[in-house]
Amino acid sequence: PWYPKAELIVQIQPSLNLDPITIVCDLDLLNPVTNKTRNYVQKHHQLGVTFNRLWDDYKNGFGDLSQNEYWIGNEAIHKLTSSFPSSTLVIEMASENWLGIWQQTYEGFRVGDEASEYLMTYTSTSPYPGNSGMGDSLIQVNNTMFCTADHNNNIDPNVNCGTVRQSGFWLCDPGNKCGHGNPNGQLMKTGNGEILYVYHEVFWNTLNVGTTSPWFVQMWLEF
């Protein structure tokens with residue numbers, strides 16, 4: 001769950017960056033096994049802010065760190081994950097009023113530089129400690145490049161996954177399905193709380209919660 005009083009906007013000095021990176025860090029909600037803090041790279045809670053953005057926005061980051069609606073930027077994620085011996089990405093989705101919370105960890109998570117098209121890799125995945133998990137909807141895009149509407153890295157150039165999903169993320173899987181998860185897609189927050197089954201909504205194929213649609217998404221790094 002999200003507790004405002006537990007979070008601080010801090011600066012981290014990665015070895016690959018001359019200037020510190022500003023990030024939201026939760027010093028209270030520690031990993032129950034490793035005691036590592038949450039360093040948020042994405043929060044997607046509200047209906048009013050669009051994540052349907054182009055390459056440069058995802059490169060440099062967008063949104064407001066104090067408003068729970070932002071992407072910290074691929075450059076920052078690259079420098080953070082490349083500056084520490086080991087980094088773990090945690091993806092969390094929640095239902096209305098945080099009644100259901102699902103979390104999946106990606107160990108050995110790395111993002112390359114812009115020359116690599118922000119190539120993403122991870123070594124293993126598992127449910128977050130104490131949580132039932134979400135399943136691995138990134139397996140098809142492990143070792144693939146970032147995609148936006150103006151930077152189509154899909155194998156089939158006739159299928160623009162950034163346009164299909166109306167977001168930016170690691171979407172260009174070899175099976176030409178535009179990914180099996182869209183955490184930067186559009187939050188629907190329907191009256192009945194159910195998935196609409198449209199291409200651009202937030203979804204996670206391996207999240208086994210029937211037709212429940214995620215109302216909140218956030219991602220953090222642990223070092």
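Counted by atom type alone, E107 and T125 present zero donor-acceptor pairs between their side chains at under 3.5 Å. Counting only N and O atoms by type, the side chains of Q186 and E201 include no donor and acceptor under 3.5 Å apart. The closest side-chain donor-acceptor pair between T81 and S87, if any, does not fall under 3.5 angstrom. Judged purely by distance below 3.5 Å, without hydrogens or angles, the side chains of T50 and N52 never pair a donor atom with an acceptor atom. When only modelled atom types and interatomic distance are considered, S116 and E114 share no side-chain donor-acceptor pair under 3.5 Å. Side-chain atoms of N184 and Q42 include a donor-acceptor pair closer than 3.5 Å. Judged by distance alone, the side chains of Q218 and H44 never bring a donor and an acceptor atom under 3.5 Å apart. S137 and N205 form no side-chain donor-acceptor contact under 3.5 Å, judged by distance and modelled atom types alone. E222 and W220 share a donor-acceptor pair across their side chains, judged by distance under 3.5 Å alone. No donor-acceptor contact under 3.5 angstrom links the side chains of Y199 and Q166, judged on distance only. Checked by atom type, the side-chain pair N154/N176 shows a donor-acceptor distance below 3.5 Å.
Cluster membership check: F223 shares its hydrophobic cluster with V111, using side-chain heavy-atom separations under 4.5 Å among Ile, Leu, Val, Met, Phe, Trp and Tyr. Taking hydrophobic clusters as Ile, Leu, Val, Met, Phe, Trp and Tyr residues chained together by side-chain heavy-atom distances below 4.5 Å, V217 shares a cluster with F62. Cluster annotation: V10 is connected to V41 through the hydrophobic network of ILVMFWY side chains, with a link wherever side-chain heavy atoms come within less than 4.5 Å.
Each of W98, W215, Y70 was evaluated against H45; a single residue qualifies, W98, per the ring-ring contact (aromatic ring centres under 6.0 Å, His included) test. With respect to Y106, the side chain to side chain donor-acceptor pair (under 3.5 Å) criterion is satisfied by exactly one of T123, D136, T121: D136.
The closest donor-acceptor contact from the side chain of N131 to the backbone of P127 lies at 3.5 Å or more, if one exists at all. In this structure, the side chain of N143 does not engage the main chain of M120 through any donor-acceptor pair within 3.5 Å. When atom types are taken as modelled, the side chain of Q104 and the backbone of G135 share a donor-acceptor pair closer than 3.5 angstrom. Between the N153 side chain and the F146 main chain, a donor and an acceptor come within less than 3.5 Å of each other. Side-chain atoms of N152 come within 3.5 Å of backbone N or O of V159 as a donor-acceptor pair. With E92 contributing its side chain and Q103 its backbone, the two residues share no donor-acceptor pair below 3.5 Å. When atom types are taken as modelled, the side chain of R165 and the backbone of C178 share a donor-acceptor pair closer than 3.5 angstrom.
Residues satisfying the side chain to side chain contact (heavy atoms under 4.5 Å, CB included) criterion with I155, sequence neighbours excluded, are P174.
To the nearest 0.5 angstrom, I72 atom CD1 is 6.0 Å from L80 atom CG. Distance CD1/I77 to CE/M219: 8.0 Å, rounded to 0.5 Å. To the nearest 0.5 Å, atoms NE2 (H151) and CH2 (W55) are separated by 4.0 Å. Separating the CD1 atom in I12 from the OG atom in S83 is a distance of 10.0 Å, to the nearest 0.5 Å.
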**Message:** Please evaluate residues K43 and E7 with respect to the criterion salt bridge (Lys or Arg N to Asp or Glu O under 4.0 Å), reporting the C-alpha separation (whole Å), side-chain torsions for both, the decisive distance (0.1 Å), and the verdict.
**Reply:** CA-CA 13 Å; K43 286 196 175 189; E7 295 179 356; 2.8 Å; yes
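Counting non-hydrogen atoms of other residues, nucleotides and ligands closer than 6.0 Å to NZ of K36 gives a total above 12. No more than 12 heavy-atom neighbours from other residues, nucleotides or ligands sit within 6.0 angstrom of CD1 on I139.
Taking the centre of each ring, Y122 and W170 stay at or above the 6.0 Å mark. Side-chain rings of F51 and W71 stay apart, their centers remaining 6.0 Å or farther from each other.
Within the cation-pi definition used here (under 6.0 Å to the ring centroid, within 45° of the axis), K189 qualifies as a partner of F216.
Taken together, the cysteine pair C147 and C161 keeps its SG atoms at least 2.5 Å away from each other.
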